[in-house]
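Okay, structure first, notes after.
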Amino acid sequence: MSGLKRLLKKGLGLGDMAFSAGGGAINWFPGHMAAATRAIRNRLKLSDLVLEVRDARIPLSSANSDLQPLLSAKRRVVALNKKDLANPNIMHKWSGYFERCKQDCIAINAHSKGSVKKLLELVEFKLKEVICREPTLLVMVVGVPNVGKSALINSIHQIAQSQFPVQEKMKRAAVGPLPGVTQDISGFKIAQKPSIYVLDTPGVLVPSISDIETGLKLALAGSVKDSVVGEERIAQYLLAVLDTRGTPLHWKHLNNRRAEGVEYDVEENHIYNLKNLKPKRRNNPSNRCDLVYVEDLVMEVQWALHSTLTEFNGNVEDESDLESLIDLQFGALQKALKIPHKASEARLMVSKKFLTLFRTGKLGPFILDDVPDHTPVS
Ligand SMILES: Nc1nc2c(ncn2[C@@H]2O[C@H](COP(=O)(O)OP(=O)(O)OP(=O)(O)O)[C@@H](O)[C@H]2O)c(=O)[nH]1
């Protein structure tokens with residue numbers, strides 16, 4: 001068993017087992033999700049096609065396993081959203097996997113019209129046989145929280161408005177960075193003759209997430225609320241993943257950048273704002289400077305992880321070695337992120353900023369799930 005798996009088994013080895021009430025399980029299933037799951041099951045019966053949105057960074061972990069039997073029995077298209085944050089080489093392997101499973105699947109970026117248009121072409125193709133029979137068609141969009149269902153629906157709206165003579169003014173779906181934004185099932189007409197309705201649904205998780213690692217991946221991708229797991233633990237998991245994969249060792253460009261003298265002035269004075277990655281500079285509020293600041297910050301963070309891993313004499317496959325490395329890296333990240341030494345809750349601040357960098361793709365594109373060796377027998 002790898003160091004990472006062993007660490008996961010004992011709750012990332014921090015002793016206090018913060019995941020833990022249910023033996024380490026990570027679960028988030030508030031009342032509205034239970035009600036929404038029932039409603040989704042009922043509406044699914046009426047839908048002509050289900051558009052299952054998953055997070056491209058976790059193509060399997062972002063599947064709602066309880067709904068899978070119902071979803072796979074329907075005409076279904078799987079949309080792997082946020083492909084801009086996913087490693088394109090590995091994405092390619094995932095496309096092959098879904099092809100072998102005979103499951104229609106397309107990687108998309110919900111914010112890109114071109115990408116969403118390709119998805120709509122696939123949906124239309126899949127609906128072809130029903131389009132000539134039925135006057136009204138229902139496409140239901142489902143997925144776990146925060147995978148981008150509402151962002152996708154908004155893009156579909158905009159495309160529909162420009163392509164079809166839609167009479168009614170259509171309402172946009174609410175999009176938000178935190179999971180659980182959508183709490184009702186709402187329908188929008190996107191075409192006439194035949195009338196095609198798209199149903200947006202609330203993001204729903206399963207009442208009991210099968211294993212800790214799936215829960216951590218969902219948390220890292222933002223589908224489980226941070227407070228359910230705790231930012232520190234999510235950041236520790238991310239560090240464990242990066243270290244066991246040796247990712248920081250591939251950030252070779254750092255040596256060149258540093259050789260060019262792109263280094264951050266440690267003494268510079270910033271006012272930190274946790275909600276925003278960028279500190280508010282007292283004297284220079286220009287956008288360009290902020291951009292350069294974020295680039296430099298990313299480089300400092302990458303350098304901190306690169307140098308701690310390169311200089312580390314232990315074995316990342318060994319759980320206590322990995323734990324020590326992660327501890328060292330928290331210290332190095334604190335410096336890189338310029339979080340004052342004595343700041344109470346420094347680790348929490350480090351974790352929040354580090355997670356924001358990952359989630360916004362600043363640390364590079366990533367896919368956390370491994371492509372299974374075998375195709376499941378469906
Ligand atoms: N980088 C990137 N971000 C995206 C993409 N699609 C959505 N997002 C962002 O992901 C976050 C969640 O998007 P939503 O559309 O609210 O997600 P949802 O699935 O409707 O969320 P719930 O209401 O919790 O079910 C927002 O910050 C979006 O801007 C994408 O393709 N790429």
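Every number for a ligand or one of its atoms is a count from 1 in the order of the listing. Just so it is clear, the structure is predicted and the values come from calculations on it, not from any experiment.
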message: Can you name the atoms of ligand 1, numbered from 1 with element, that are less than 4.0 Å from a heavy atom of Gly203?
response: 25 (O)
- prompt: Between Gln103 and Tyr97, is any side-chain donor less than 3.5 angstrom from a side-chain acceptor?
  reply: no
Pairwise side-chain contact, Phe354 with Leu363, heavy-atom cut-off 4.5 Å (strictly under): yes
message: Would Leu85 count as a polar contact of ligand 1, with the cut-off being nitrogen or oxygen pairs under 3.5 Å?
response: no
- line: Counting from 1 in the order shown, the ligand 1 atoms closer than 4.0 Å to a non-hydrogen atom of Asp84 are 1 (N), 2 (C), 30 (C), 31 (O), 32 (N)
- prompt: If you measure only the distance, is there a donor-acceptor pair under 3.5 Å linking the side chains of Asp369 and Ser61?
  reply: yes
statement: Checking heavy atoms under 4.0 Å, the part of Leu152 that sits near ligand 1 is neither
message: I'd like the name of whichever of Arg57, His111, Lys225, Met33 reaches closest to atom 9 (C) of ligand 1 through any heavy atom.
response: His111
- prompt: When you measure from atom 14 (P) of ligand 1 to each heavy atom in Gly361, Gly148, Pro145, which option holds the nearest one?
  reply: Gly148
- request: Decide yes or no for Leu67 and Val204: does some side-chain heavy atom of the first lie under 4.5 Å from some side-chain heavy atom of the second?
  value: yes
task: Give the numbers and elements of all ligand 1 atoms closer than 4.0 Å to a heavy atom of Asn146.
output: 11 (C), 12 (C), 17 (O), 18 (P), 19 (O), 21 (O), 22 (P), 24 (O), 25 (O)
message: Can you give me the closest heavy-atom contact between Phe29 and Pro207, atom names plus distance?
response: CG-CA, 3.6 Å
- prompt: Is there any N or O on Asn109 that sits under 3.5 Å from an N or O of ligand 1?
  reply: yes
message: Assigning hydrophobic clusters by single linkage (Ile, Leu, Val, Met, Phe, Trp, Tyr; side-chain heavy-atom cutoff under 4.5 Å), is Leu337 placed with Leu355?
response: yes
